[in-house]
2 protein chains.
Amino acid sequence: MNKKSATIYDISKKLNVSVATVSRALNNHPRISQATKELVNKTAKEMNYKQNNLAKALKSGETKNVGIIVPFVNTNFFSSVIRGIEEELSPFGYHVIICQSHEDVNIEKRHLNTLLNAQVDGIFMSVSRTTIDTSHIQSILDTTNTPIIFFDRKKDIPGISTVTIDDYRGGYMATEHLIKEGYKNICHFSGDLNLEIYQNRLNGYKQALTDHHFQVKDENIITTGSSIEEGIEAIKTLWDRKSVPDAIFSASDFAALGACQELKKKKIKIPQEVAVIGFSNEPFTQFMELPISSVDQTPVMMGKMAGQVFLESVKENGSGISTEKKVVLAPQLYIRKSSKRK
Amino acid sequence: MNKKSATIYDISKKLNVSVATVSRALNNHPRISQATKELVNKTAKEMNYKQNNLAKALKSGETKNVGIIVPFVNTNFFSSVIRGIEEELSPFGYHVIICQSHEDVNIEKRHLNTLLNAQVDGIFMSVSRTTIDTSHIQSILDTTNTPIIFFDRKKDIPGISTVTIDDYRGGYMATEHLIKEGYKNICHFSGDLNLEIYQNRLNGYKQALTDHHFQVKDENIITTGSSIEEGIEAIKTLWDRKSVPDAIFSASDFAALGACQELKKKKIKIPQEVAVIGFSNEPFTQFMELPISSVDQTPVMMGKMAGQVFLESVKENGSGISTEKKVVLAPQLYIRKSSKRK
DNA sequence: TTGTAAGCGTTATCAG
DNA sequence: CTGATAACGCTTACAA
C-alpha cells in the first residue's frame, strides 16, 4: 500500500480553488484573504501535506543544501568543524551533505561532481593529501557559480575563500614556548609537507628558532604521519643517534603521544629531560596522566566562520561580483605538564 | 556574470536532435546508435553539461539522499556511525545529510520535517534524550513511505528497523569480568535511564550479579551523566559512605575517567583496590598511562549495518510489504589494566 | 533509431 | 483577492 503524499493540487481540488491560491496561501502571500489562508492551512494539515522542496528548488535554483568534503568524518577535528558549519547554517534552513574523500583525490573529484549534480548551493572542503593538481577545482570555479570554501587544508586558488588557523603562528608559539622553558635542542615532527598546514607549522618552528638565535638543523626535522606508531618510530631513530634532542614539537598529537609512550619506555623523564608538545588539542591530550601540551585549532569556530563566509557569499551573489575572503583564526596554546620544566 | 549551466535542451539545439535523444544517449539507452551516443557525450563534455539531479529526482521520486539525525556530530561514537553509513551507501550513489538534535526533541521534530520536505529516501536516527513521546515518529510511519532506521538509541515502534548493540550483554560481560577477577562489591554508574541503552546495560549488570549469587543493592546504582565531572562526583559521594565498593562498572567512559582521576587523588590503587571499567571504548581509554577497560560498540560496523538495512528496505519497497529488521551487534570487551587484578 | 509531448510539484507572471 | 498557465530540467510512454 503506497502512501502518496498530498500536493497543492490535491488541496486545490478539495477546496475548489486554484493551485496558485493554495501556493500563495501556504506561503502567506499578502494579497490572500485571511479566510482562505486559514482554510488552506487547515486542510493542508488535515491532508498531511508536505511541501516538496525538490520542486521548489527546481524552480528557484536554490536547494538549501551545502556539501562538505573531508578526508574522514570520524576524527575530532573534522567532526567538530562539521558541527560548527551545521550549527551556523541550520538556522537559515540549510542542510549539510557529508562526503569522505579517504585522502584520495579521485574520490574527491567524484564527490565534487555528484555534489554539483545535486545542485548544492555551496561546497566546503578540506583537500585530501593526494590533491596536488587542483584543476578539477579550478574548473568548477570557471564553469559554475557554486561558491567553494576551503577550510584548514586549503590550496591557493584565486577566487576561493578560505578559513584556516594561523598554523605558522601555532608552530611559532609552540616552539617559542619550548625555548622559553629553557630547552635547547628542539626537534620537529612534521606531517605531510604536501599540505600547506604542515609547511606552515614547520616554517613557524624554523622562524622561532632563528629569532631566538638557534640554528635550524635539517636532521632535527623528521617527517612523520599522524599516527602513534610513527611517533614511536621517530623517537627510536632519534635515539639511535649520538646527540638526542631535549624537546619535541610534533605537528600531530598522535605522533606526540607515540613519542611520550616510547620515551617512557626508555625511562626518559618528561618534561625534565625531554619536553613534548603536540598539535590539534585532541581530547585525549588533556586526559592523560601526563597531560600533553598542544595547540588548539578551534575547529567548531572554524566551522562557524566557514558557514558565515558562505552566507555572505550567497548574499553577495545576488548583488554582483563575489569577493573572496580569507579568514585566519588564532591558534590557542594549551600548556600542560609535558612541556613545563620550570 | 552568471554562468548558467547547460541543459539537455542546449545540447539538443546544438546538435539538431530531440531532447529525448540526448537524454537517452547520456543514459546509454540501448536503442540509440553508437554514433549519436558518442556525439552527444562529446558535446556534453564540451558544453560542460552537468546533469540536474533535482529534475531527475522530481521525476523519479528518488533523491538518492538520506538523512541522519544524531544529538551531536562531533563525538567519536556518532561520527563513526556516520562514517559507516556514508561508506556503505556512497557506492550506491547516495549522499548523507547530517542533522544535530542537540538532545532536544523539538529540534529533532523540526529536522524530521525538513528532511521529509527535502524528499530524502530514508532517515537514520538516534533519538534525543528528551524524546519520550514518539508520536511525531509514528506519524511519519503512518503517512509516508520513507523508511526510518533507528541505530543505538532506539524506541520500540512496530515497523521501524533497528540496529543496536546488545547493551544488556555488554553490561553483563563487563560485570561478569569484574566478578571473575575477584571483585565483590561492584557499583554501577548508569546513564540517563530514559534511554533504553542505559536501561539494558543496567539490567545486564543486575543479571550478572544475580547469576553469580551477588545481591543487587540499590545504593550501588548511581545515576551519572556522561561527563568526567559526574564521575568524580559519584566517587566522592560513594567514599563518603561507610562501605565503599571495590569495583565500578560505568556505562560511560567519561564517567569512568572521572572516577579514575578522583580515585587517584584519593591515593586508591587501580586495579588493586578498586577496578574500573567503562563503556564505548572511547579512543582515550587505551591511550592512558593506566588504560581503562571498556566495552566497544563497533560504531562503524553499526553504521554499515544500518546502511545495509536501508538498502534492503529500498529493494523490498518496490516488491511489496516492507518488513522490519532488528539487527543486534555483539559488544566487544576490551580488558585493560584498570580491571585486571589477577 | 529518433521525435513528440506529458508529467513530476512548485512558483511567478499576467490577467481578470 | 483569485485564476490560468508557463517554466524549472529531466525521463518515458507512445508514435513514427
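Chain identifiers are assigned alphabetically (A, B, ...) following the order of the sequence lines, protein sequences preceding nucleic acid strands; residue numbering begins at 1 within each chain.
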Rounded to whole angstroms, how far apart are NE2 on A:H29 and C1' on C:dT13? 11 Å

Looking for any heavy atom pair under 4.0 Å, which part of the strands does B:T7 touch: base, sugar-phosphate only, or nothing? sugar-phosphate

Compute the centroid of each ring, for B:F151 and then for B:F124, and state whether the two points are separated by less than 6.0 Å. no

Between P on C:dT2 and NZ on B:K37, what's the gap in Å once rounded to a whole number? 10 Å

Would you indicate, yes or no, if C:dG3 has its OP1 or OP2 atom less than 4.0 angstrom from a side-chain nitrogen or oxygen of B:S18? yes

Separation of B:N16 atom CG from C:dT4 atom C1', in whole Å? 16 Å

In whole Å, what is the span from the CG atom of B:L15 to the C1' atom of C:dG3? 15 Å

In this structure, how many angstroms lie between the P atom of C:dA12 and the CD atom of A:E62, rounded? 11 Å

Verify the distance criterion only: is there a donor paired with an acceptor across the side chains of A:E103 and A:T130 at less than 3.5 Å? no

In whole Å, I'd like the distance from the CD atom of A:E38 to the C1' atom of D:dC1. 16 Å

Aromatic contact between A:F78 and A:F72, with the criterion being ring centroids under 6.0 Å apart: yes or no? no

Is B:Q51 close enough to D:dT11 that one of its side-chain N or O atoms is under 4.0 Å from OP1 or OP2 there? yes

Does B:T36 reach a base, just sugar-phosphate, or nothing at all? Heavy atoms under 4.0 Å. sugar-phosphate

Is there a donor N/O on one and an acceptor N/O on the other, under 3.5 Å, for the side chain of B:K59 and the base of D:dT11? yes

Nearest-nucleotide pick for A:T21, side chain only, options being C:dT1, D:dG3, C:dT11: D:dG3

Which of these, B:K154, B:K155, B:R129, B:R153, sits in a salt bridge (charged side-chain N to carboxylate O under 4.0 Å, His left out) with B:E196? B:K154

More 5' along DNA chain C: A:S5 or B:V17, using each one's nearest nucleotide? B:V17

Does OP1 or OP2 of D:dT11 have a side-chain N or O of B:S23 closer than 4.0 Å? yes

Check the distance between C:dG3's P and B:I11's CD1 and give it to me in whole angstrom. 14 Å

DNA chain D: A:A20 or B:N52, which has the more 5' nearest nucleotide? A:A20

Protein-nucleotide distance (A:N53, atom CG; C:dG9, atom C1'), rounded to Å: 11 Å

From the list C:dT11, D:dC10, D:dA13, which nucleotide is the closest neighbour of the side chain of B:R24? D:dA13

Counting any heavy atom closer than 4.0 Å, what does A:K50 reach on the DNA or RNA strands: base, sugar-phosphate only, or nothing? sugar-phosphate

I'd like to know if B:R83 and B:E87 make a salt bridge, using a cut-off of under 4.0 Å between side-chain N and carboxylate O. yes

Residue met sooner reading DNA chain D from 5', once A:Y9 and B:N27 are mapped to nucleotides: A:Y9

